[in-house]
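See below for the structure under consideration.
Below, chains carry the letters A, B, ... as their sequence lines are ordered, and counting in each starts from 1.
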Amino acid sequence: MRIVVGQGSCGIAAGAEKVRQALIKEGFTAPELTIAGCIGMCYLEPIVDIYDDNGDVKRLVKVSEMDAPKIAEYIRTGNIGLISDLLVSEEDAQFLKKQTRIALRRCGIINPEELADYEKADGYSALKKAVTEMTPEEVIEVIKTSGLAGRGGAGFPTWFKWNAARQAEGDEKYLICNADEGDPGAFMDRAVIESDPHNLIEGMLIGAYAIGAQNAVVYVRAEYPLAIKRLKRAIKQATEAGYLGSNIFGSDFSCNMTIKAGAGAFVCGEETALIESLEGHRGMPRLKPPFPAQSGFWRKPSNINNVETFANVGWIINNGGEAFAAMGTEGSKGTKVFAVTGKIKRSGLVEIPMGKTLRDVIFDIGGGIKDGKEFKAVQMGGPSGGCIPAELIDTVIDYKALGATGAIMGSGGMVVMDEGTCMVNMAKFFLDFTAKESCGKCVPCRIGTTRMLEILKRITDGNGKEGDIELLEELCYGIKDGSLCGLGQTAPNPVLTTIRYFRDEYEAHINSKNCPAGECSELIEYYIVPEKCKGCTLCARNCPVDAISGSVKTVHKIDTEKCIKCKKCYQSCKFDAIIKR
Amino acid sequence: MDNKIDMELIKPVLDEYGEVKGSLITILQQTQEIYGYLPKEAIEYIAQRTGIEISEIMGVATFYTQFRLTPVGKYLIMLCQGTACHVNSSELILQTIKDELGIDDGETTEDGLFSLKCVACLGCCSLSPVMMINENAYGSLTPDKTKTILRQLREAQ
């Protein structure tokens with residue numbers, strides 16, 4: 001019997017550690033009480049899996065520390081009735097059953113802090129195969145056959161980058177992992193590192209072997225302390241076990257690995273900016289060419305891949321490139337992990353073969369929109385991506401097909417929006433982000449994004465002018481053309497896609513000073529529907545500026561002159577008597 | 001406050017990384033971990049030990065959002081500004097914190113207990129809106145829940 005408490009960052013934030021402590025109080029200890037990373041059913045955290053001796057599992061969801069005694073009682077007596085209210089429903093179980101997991105194959109199953117768990121799950125067998133049975137060229141060939149492309153967003157063929165670094169002249173080469181997962185709304189890489197850190201190390205080592213690198217570096221966001229802690233521990237374990245270091249598996253291949261914590265700059269997701277940051281400088285992109293494959297970290301040949309890309313490598317070596325290429329579409333092979341969040345019923349990590357549709361992810365797996373609202377759009381690719389509207393829900397998940405919508409595959413963030421999300425406000429949100437994160441090197445990006453933000457602010461404040469949409473478009477193309485790196489080249493995408501699909505919303509803001517989604521506070525006012533108001537006084541008590549008048553059991557009224565539109569009354573009303581208009 | 005800066009504390013950091021090229025960010029991170037921010041004296045000392053110009057160190061320190069040039073409170077509230085949090089009304093949580101503590105983004109309460117910083121995505125999107133207080137994440141926040149958390153921390157004093 002084994003009790004596994006899911007302890008990724010999300011699980012811990014939801015209370016998983018309290019649950020584990022409560023189970024310890026009930027007398028359970030290691031090894032029967034253990035932890036795992038993130039299974040990806042974030043909306044059901046904390047999750048506890050109870051494995052019986054036959055390996056069958058009972059999955060308990062939304063567990064609280066108060067449930068520990070009855071879990072203990074169930075384990076002692078086998079009386080399933082005790083935990084029936086905690087068991088995962090068949091509907092929720094489908095969330096995982098409908099997925100095809102390769103990059104996430106061990107996430108939430110093994111203990112990320114134990115090397116033995118990883119080894120038992122086939123760990124390091126791919127590395128052994130690569131360094132003892134294959135030449136570096138053969139490894140690159142297998143990756144080429146697999147069709148694996150960069151999962152960080154650009155979708156560049158991985159084998160091509162590896163081959164370029166392999167061919168580059170120089171004895172000293174570097175392999176770098178980009179774990180600076182900066183897209184707001186994306187957390188695939190965090191989950192992989194927290195839940196299966198050795199898988200990343202193994203994938204990186206195979207890559208290092210293929211290109212001939214002796215040094216590997218992982219650049220991780222500082223906002224991910226748990227990921228850094230687990231990765232550090234895994235590197236130490238792998239070094240002690242001889243998977244990392246000199247003469248790996250008795251071969252001539254030697255490689256060391258270090259971690260560098262990023263310091264909070266979105267632009268460092270761009271590979272040359274990342275290299276600048278690794279060298280201790282401000283993260284400002286370099287001119288390309290020369291490409292990192294020729295002149296990267298310390299001006300040596302370097303190869304940079306994303307976490308998810310590496311997480312697929314071990315599986316491909318063990319199962320063959322053909323098996324990976326058998327999944328997906330003509331131009332996009334294998335699987336892709338998405339972090340699905342926002343106004344969706346089941347939020348979490350979804351890994352599915354390329355070629356499925358957005359509908360499969362959002363409705364079939366994700367369960368559709370929360371609170372019975374209408375699906376409006378999905379934002380993909382973060383600040384570099386765009387909003388795909390409801391009418392394109394059957395778009396196939398494929399680099400080209402998604403690109404054609406104006407959005408991008410991106411690293412895998414999928415933020416789902418409902419009818420209450422204002423698309424102009426959404427565009428403003430992203431521009432606010434890119435304007436802050438622009439490194440300032442290229443004038444069109446630095447000043448252009450600021451100007452665009454000003455225009456978007458004035459539109460959402462109700463001061464939009466005729467011609468603003470055209471002005472935004474003009475700025476968009478100027479910034480795209482005049483910026484050196486991916487940040488500036490893609491920063492206008494959220495604006496361009498929202499103008500393309502939701503132009504009427506922009507026009508409503510500008511021409512009729514109206515926010516159709518009811519989100520822009522300057523363009524709405526709160527109103528109490530007399531028929532619905534019970535006179536409970538709750539709204540008046542919550543109002544910070546005394547704008548609501550009315551006594552007990554009489555209809556209340558909002559003084560719109562005094563109202564600061566803080567939304568507190570709207571949120572506190574238990575009778576839905578307060579509306580936006 | 002600056003006259004209390006004990007330079008002995010960061011000597012080991014510079015002994016380890018002072019001569020290692022490319023270590024400036026690591027040195028600054030560890031310095032900040034020790035003092036809670038980057039004191040002026042420490043920056044001067046780092047310049048002296050590494051040979052890197054003060055202007056360059058300041059360039060790096062001001063480029064990255066992680067670094068602070070002023071002290072922070074005992075509890076550093078990092079409020080997530082990611083897309084999922086935004087869609088799930090993180091703005092209301094920001095307003096609640098501002099109202100409750102009387103501070104704005106980047107400020108510290110007078111008693112030195114709380115500092116507020118709006119940060120990029122914390123990666124706990126399914127629990128949005130989220131904040132982190134000294135490495136503990138708090139998810140699915142509502143204005144009431146946020147107030148309770150802050151009051152509990154204050155009362156624990």
Side-chain angles (χ1 to χ4, degrees), chain A residues 9-10 12-14 42-43 45 181-187 189-191 221-227 260-266 277-284 297-298 339-343 347-348 379 382-383 413 415-418 421 426 429-430 433 436-437 439 544 566-568 571, chain B residues 17 20-30 32 50 52 56-67 78 80-92 95-96 99 117-128 130-132 134-144:
Chain A
S9 283
C10 287
I12 293 172
C42 308
Y43 67 108
E45 296 283 358
E181 190 171 48
D183 281 3
F187 53 93
D189 296 348
R190 174 179 65 72
R221 295 181 77 199
E223 286 90 341
Y224 288 175
L226 183 65
K260 282 262 189 177
F266 176 67
S277 181
L278 279 179
E279 293 179 4
H281 307 301
R282 289 163 73 97
M284 295 166 97
F297 190 32
W298 302 125
V340 189
T341 58
K343 305 279 188 175
S347 63
Q379 209 285 340
V415 183
V416 177
M417 292 168 247
D418 68 16
T421 311
M426 200 67 215
F429 167 78
F430 281 113
F433 182 85
K436 277 184 193 147
E437 293 293 340
C439 79
C566 70
K567 213 177 179 180
K568 280 179 184 152
Q571 293 220 318
Chain B
Y17 295 104
V20 185
K21 65 172 182 175
S23 298
L24 179 58
I25 292 174
T26 309
I27 293 169
L28 293 178
Q29 282 170 331
Q30 299 204 2
Q32 182 159 292
T50 58
I52 302 172
E56 199 182 330
I57 299 177
M58 286 302 288
V60 170
T62 52
F63 184 84
Y64 295 98
T65 53
Q66 188 188 11
F67 298 121
M78 295 196 288
C80 182
Q81 301 285 295
T83 322
C85 287
H86 172 77
V87 172
N88 284 312
S89 305
S90 62
E91 225 157 284
L92 269 181
Q95 197 54 50
T96 306
D99 291 350
K117 193 166 167 55
C118 292
V119 296
C121 187
L122 293 168
C124 296
C125 311
S126 49
L127 296 167
S128 56
V130 181
M131 66 178 173
M132 235 168 157
N134 297 358
E135 299 206 353
N136 287 318
Y138 299 87
S140 308
L141 295 172
T142 59
D144 284 341

Quick one: what part of [X] sits under 4.5 Å from any heavy atom of chain B, side chain, backbone, both or neither?
X        : answer
A:Lys260 : side chain
A:Val416 : backbone
A:Cys439 : both
A:Ala186 : backbone
A:Leu278 : backbone

Among the listed options B:Cys85, B:Gly139, B:Gly82, the residue most often paired with chain A at heavy-atom distances under 4.5 Å: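 Of the candidates given, the most pairs with chain A belong to B:Gly82.
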Among the listed options B:Ser140, B:Ser23, B:Ser128, B:Ala84, the residue most often paired with chain A at heavy-atom distances under 4.5 Å: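 Winner by heavy-atom pair count: B:Ala84.
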Heavy-atom contact with chain A under 4.5 Å, split by part of [X]:
X       : value
B:Met78 : neither
B:Thr26 : side chain
B:Ser89 : side chain

Minimum-distance pair of heavy atoms, taken over all atoms of [X] and [Y]:
X        : Y        : result
A:Arg282 : B:Val60  : N-CG2, 3.8 Å
B:Phe67  : A:Ala263 : CE1-CB, 3.8 Å
A:Gly283 : B:Tyr64  : N-OH, 3.1 Å
B:Leu127 : A:Cys10  : CD1-O, 3.2 Å
A:Ala261 : B:Ile25  : O-CG2, 4.2 Å
B:Phe63  : A:Ala265 : CE2-CB, 3.9 Å

Main-chain N/O of A:Gly262 paired with B:Gln29 side-chain donor or acceptor, under 3.5 Å: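 Checked: pair present.
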Look up atom [atom1] in [X] and atom [atom2] in [Y], then write down how far apart they are to the nearest 0.5 Å.
X        : Y        : atom1 : atom2 : value
A:Arg190 : B:Cys124 : CZ    : SG    : 5.0 Å
A:Met426 : B:Thr83  : CE    : OG1   : 5.0 Å
B:Leu24  : A:His281 : CG    : NE2   : 9.0 Å
B:His86  : A:Gln379 : NE2   : CD    : 10.5 Å
B:Asp144 : A:Gln571 : CG    : CD    : 9.5 Å

Pairing residues for B:Glu91 by the salt bridge (charged side-chain N to carboxylate O under 4.0 Å, His left out) criterion, not counting sequence neighbours: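 Here no residue qualifies.
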Side chain to side chain, A:Lys343 and B:Asn88, heavy atoms closer than 4.5 Å: yes
Test item: A:Pro225 and B:Met132 side chains (from C-beta on) under 4.5 Å apart, heavy atoms: yes
Closest-packed option against chain B by number of heavy-atom pairs under 4.5 Å, given A:Glu181, A:Arg221, A:Lys567: A:Arg221
Which of A:Cys566, A:Gly182, A:Gly348, A:Ser277 touches chain B most, by non-hydrogen pairs under 4.5 Å: A:Ser277
Residue list, ring pair (Phe, Tyr, Trp, His ring centres under 6.0 Å) with A:Phe433, at least two apart or on another chain: A:Phe266
